[in-house]
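Here the structure comes first, spelled out in structure tokens, and everything after it is commentary.
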Amino acid sequence: MATYLIKPILYNMPTPADIAASKVLPEPATRRQIRIDSGLTIRELARAVGCSKESIIKWEQGKRDPKGDLRTNYAKALCELEAFLRARP
């Protein structure tokens, strides 16, 4: 796991290799914070992942975890958003 400091928030994100190997996801609260800091709405992230906005809400609340291809898509989207945040000045 790699740890990155972005603004005052510490993200403990899996590396792209971790995601590819096991589809590791950060904690639900971190998932939400990454989306918010990236400026995406729930609807926009849901569209990118290929799921409903209700699914994103449940995943961010820790009420459910994504499965199968949705888990892979969600993990990749979070990793890309985290990389975008890291690249910002």
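From a predicted model like this one, the values you see are computed outputs, not experimental measurements.
Across every non-hydrogen atom of Leu70 and Gly50, the tightest pair is CD2-O, 3.5 Å. Taking both residues in full, the closest heavy atoms of Glu44 and Gly39 are given as OE1-O, 3.9 Å, listed atom of the first, atom of the second, then distance. The heavy-atom pair separating Trp59 from Arg31 by the smallest distance is O-NH1, 3.0 Å. Contact between Leu85 and Ile34 at its shortest, heavy atoms only, is CD1-O, 3.9 Å.
Few gaps surround CG on Asp65; more than 12 heavy atoms of other groups in view lie less than 6.0 Å from it.
Legend: residues meeting side chain to side chain contact (heavy atoms under 4.5 Å, CB included) with Arg43, ordered by chain and number and at least two apart, are Thr41, Arg47, Lys53.
One distance of note links NZ of Lys76 with CG of Leu81; it measures 14.0 Å at 0.5 Å rounding. In this structure, the separation between CD on Gln61 and NZ on Lys58 is 9.0 Å, given to the nearest 0.5 Å. Summarising the geometry, atom CG belonging to Leu78 is positioned 10.0 Å from atom CZ belonging to Arg35; distances are rounded to the nearest 0.5 Å.
By the criterion of side-chain heavy atoms lying less than 4.5 angstrom apart, applied directly or through intervening Ile, Leu, Val, Met, Phe, Trp or Tyr residues, Leu45 is not grouped with Ile36; the two fall into different hydrophobic clusters.
With contacts defined as side-chain heavy-atom distances shorter than 4.5 Å, the pair Asn73/Cys51 does not qualify.
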